[in-house]
Number of protein chains: 2
Amino acid sequence: MASRNRKRNVTIIDVAREANVSYSTVSRVVNNNPHVREDKRERVREAMAKLGYVANPLARGLAGGQAQVIGLLVRDLVTEYVAQILLGIDEELATHQYDLMLYTTHHRRAKESQYIQTLTQGFIDGLLLILPLDPGAYLETLRRHQFPYVVIDHQGFDDFSPTVVSTNTRGAYEATEYLIKLGHRRIAFIAGSENTSSAIERLEGYRAALQAHDLPFDPALVQSGEFDQPGGFHAAQKLLSLPERPTAIFAANDASAIGAMDAIRSHGLSIPGDVSIIGFDDIRQSAYCYPPLTTVRQPLIDMGRIATRLLMTYIANPAHPRERVVMNTELVIRESCAPPRSAGQA
Amino acid sequence: MASRNRKRNVTIIDVAREANVSYSTVSRVVNNNPHVREDKRERVREAMAKLGYVANPLARGLAGGQAQVIGLLVRDLVTEYVAQILLGIDEELATHQYDLMLYTTHHRRAKESQYIQTLTQGFIDGLLLILPLDPGAYLETLRRHQFPYVVIDHQGFDDFSPTVVSTNTRGAYEATEYLIKLGHRRIAFIAGSENTSSAIERLEGYRAALQAHDLPFDPALVQSGEFDQPGGFHAAQKLLSLPERPTAIFAANDASAIGAMDAIRSHGLSIPGDVSIIGFDDIRQSAYCYPPLTTVRQPLIDMGRIATRLLMTYIANPAHPRERVVMNTELVIRESCAPPRSAGQA
DNA sequence: GCGCACTTTGCAAACGCTTGCAAACTGATC
DNA sequence: GATCAGTTTGCAAGCGTTTGCAAAGTGCGC
């Protein structure tokens with residue numbers, strides 16, 4: 001409504017007057033355009049410093065230049081998983097001269113595509129997407145606009161997008177194999193949200209490891225944990241009520257593993273004495289819960305950082321070929337796993 | 001450099017043509033200006049829907065309107081403390097039609113005031129500041145520009161700013177008193193970063209409780225923990241090497257308490273058997289570390305939420321009187337505290 | 001059927017920048 | 001010292017809005 005009574009800002013024109021050049025020259029200096037003679041460039045720089053000139057990103061964006069802002073589209077900020085990636089993004093961004101615009105969709109699909117429209121109007125120069133909900137529709141739009149974007153941990157829905165992912169299948173395979181080598185035979189799996197590729201890949205890894213070691217796959221041992229703590233709790237409840245209880249549980253992420261640990265304890269069982277548990281992600285809590293959680297480390301911070309770096313490349317050079325970066329996972333052994341009680345087998 | 005070859009967007013002018021009115025009428029409809037006849041308003045709405053019009057925030061901002069964006073200025077995103085506040089901000093924002101611009105200063109002072117300049121150019125409509133570093137300079141600027149802002153957990157440096165804080169002194173008093181009532185006599189304090197008011201107030205609360213219970217204040221029992229985990233670890237190391245070891249430690253925040261717990265264990269001591277420990281904040285890890293940490297809960301999410309709501313009020317009505325909201329802390333008793341070993345006293 | 005006080009509408013200027021285009025400059029070459 | 005190919009510079013148009021101001025429209029009482 002009421003327009004703010006802002007004090008008049010120092011503009012490119014003021015600088016031009018001070019430096020005794022035209023305003024386009026000032027603009028060129030600001031944008032590092034090479035077609036400016038060195039002495040004038042210097043004069044403009046001095047004038048800018050003297051007047052305390054700060055570019056107006058709105059005007060730049062509107063006029064078709066770079067707003068020096070990138071966007072991050074994410075479902076929500078609740079999870080430590082997202083928080084860690086955000087950390088990496090932020091760190092990387094600090095080394096470039098870019099700011100960050102945060103878009104949380106709060107799980108409402110309509111919002112995502114609405115944002116995309118706003119965004120491509122020049123508000124931001126590039127977009128990072130973490131685990132987008134229903135990207136079919138608008139990724140196509142982004143591509144058509146030649147708008148720079150990078151997807152983090154996506155769902156394999158298309159192969160044209162630059163992406164940063166981690167070795168979900170292999171990580172899950174290694175986790176499962178670790179439990180098998182400890183002597184476990186009944187290993188349960190707490191799965192993630194069904195429609196994400198990381199959930200699917202981790203389930204695949206789990207099954208592959210069972211198969212490789214000639215263990216049967218029992219669907220009753222797979223329960224969905226929705227990637228969150230309450231989900232993990234409930235899934236574990238069900239698993240522990242099974243007639244033949246599992247001796248180990250592999251949870252598709254740490255949050256659900258931590259929930260499962262609560263459930264195990266509430267059944268009066270000990271970790272890892274009665275039930276071993278292993279997670280995925282290596283969020284901060286995992287090192288500080290009791291007992292410290294063995295897990296598959298996913299380099300979340302680095303994923304954020306690399307994705308950002310990739311995006312910067314695309315912004316600078318829109319023709320840069322699409323890449324798919326795969327980050328290695330790593331088994332982090334702490335104290336939540338042990339051989340099964342009755343086990344002499346190995 | 002290269003201007004993006006964006007497809008021409010649907011503008012206010014396209015809508016005007018479609019609805020057969022002037023573009024200012026469309027603008028008025030978009031801004032809910034009452035001076036539009038009902039039938040035209042309806043026609044414009046239809047045209048907007050038909051064409052899929054989305055307002056360009058850059059142009060709005062530039063022209064002096066509202067960009068529908070608020071900014072958040074924060075040192076970094078590393079801490080769970082900030083993450084929780086951010087959560088509250090984000091949740092509240094979702095109910096308004098506002099987006100969030102994130103500014104992390106990464107502890108560089110120069111950056112803060114530079115941002116402030118950009119911001120007041122119309123890029124954002126209001127600003128939230130969490131624990132600003134050196135606000136003396138630019139808070140004054142904001143005030144002069146009549147720019148809406150709210151400070152979260154500030155340092156008491158000025159009394160003109162709208163602020164959301166919590167009862168630090170009282171919370172610290174209660175934590176200390178709780179330890180005293182358990183029978184502890186040598187209670188150490190791991191302090192926060194010296195120049196923040198929350199650190200100062202918590203130290204005050206600690207001292208006040210000692211005094212109220214006729215216990216001496218021993219400067220050797222106060223060590224700075226810098227509000228982070230390594231800091232807490234080192235501070236605890238020093239405290240535990242004291243000739244007469246404390247039987248309880250009160251840490252100025254949970255992060256340093258968790259660091260201290262590591263130190264206690266690395267000294268071969270048990271918690272709470274040998275040393276009791278209590279934190280401040282109630283971040284998520286605290287419930288999942290071992291043993292679960294007794295702490296003073298600070299309603300961080302609510303603080304973010306309330307601050308955002310306050311900011312919305314100021315944006316809508318710049319003349320709204322400056323408020324200072326104080327949130328209550330609450331002692332959360334878990335399992336990290338017990339009476340001292342040798343204690344019959346209470 | 002006219003004048004009056006409102007309400008509604010449209011035009012034009014501004015917001016601060018980028019950039020294509022043409023003019024002005026530069027220095028080397030003959 | 002004129003010519004030419006670069007290089008540097010400045011002008012003007014445009015990006016999509018908001019909003020003050022003036023013009024046009026409305027309804028009412030006489």
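In what follows, every chain begins at residue 1, and chains take the letters A, B, ... in the order their sequences are listed.
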Can you tell me the distance, in whole Å, between the [atom1] atom of [X] and the [atom2] atom of [N]?
| X | N | atom1 | atom2 | answer |
| --- | --- | --- | --- | --- |
| A:Ile12 | C:dC15 | CD1 | C1' | 13 Å |
| B:Arg17 | C:dG10 | CZ | C1' | 16 Å |
| A:Gln66 | D:dC15 | CD | P | 19 Å |
| A:Arg37 | C:dG27 | CZ | C1' | 13 Å |
| B:Phe123 | C:dG16 | CZ | P | 15 Å |
| B:Ile13 | C:dG10 | CD1 | P | 13 Å |
| A:Asp39 | D:dT8 | CG | P | 11 Å |
| B:Asn9 | D:dC15 | CG | P | 11 Å |

Classify the nucleic acid contact of [X] as base, sugar-phosphate or nothing, counting any heavy atom under 4.0 Å across all strands shown.
| X | result |
| --- | --- |
| B:Ser27 | base |
| B:Val15 | nothing |
| B:Val30 | nothing |
| A:Thr25 | sugar-phosphate |

Please name the residue in the list B:Ile70, B:Val69, B:Ile124 that meets the side-chain contact (heavy atoms from CB on, under 4.5 Å) test with B:Tyr98.
B:Ile70

When you measure only distances, ignoring hydrogens and angles, does the side chain of A:Ser24 come within 3.5 Å of the base of D:dC11 through a donor and an acceptor?
yes

Please check the phosphate of [N] (OP1 and OP2 only) for any side-chain N or O of [X] closer than 4.0 Å.
| X | N | answer |
| --- | --- | --- |
| A:Thr11 | C:dG16 | no |
| B:Asn31 | D:dT18 | yes |
| A:Tyr23 | C:dT19 | no |
| B:Lys40 | C:dT9 | yes |

Nearest of [options] to any side-chain atom of [X]?
| X | options | result |
| --- | --- | --- |
| A:Arg60 | C:dC17, D:dG10, C:dT8 | C:dC17 |
| B:Leu62 | D:dT9, C:dG10, C:dC15 | C:dC15 |
| A:His35 | D:dT8, D:dG10, C:dG16 | D:dT8 |
| A:Arg28 | C:dG20, D:dA12, D:dT18 | C:dG20 |

By nearest nucleotide on DNA chain D, pick out whichever of A:Asn20 and B:Val54 is the more 5' one.
A:Asn20

With distance as the sole criterion, is a donor-acceptor pair present between the side chains of [X] and [Y] under 3.5 Å?
| X | Y | value |
| --- | --- | --- |
| B:Tyr81 | B:Asp153 | yes |
| B:Gln121 | A:Asn56 | yes |
| A:Asp90 | B:Thr104 | yes |

Would A:Arg143 and A:Glu140 satisfy salt bridge (Lys or Arg N to Asp or Glu O under 4.0 Å), going step by step from the backbone distance to the final call?
CA-CA 5 Å; A:Arg143 222 160 16 231; A:Glu140 170 56 26; 3.4 Å; yes

Comparing A:Asn56 and B:Val21 on DNA chain C - which has the more 5′ nearest nucleotide
B:Val21

B:Thr25 side-chain N/O to B:Val21 backbone N/O, donor-acceptor pair under 3.5 Å:
no

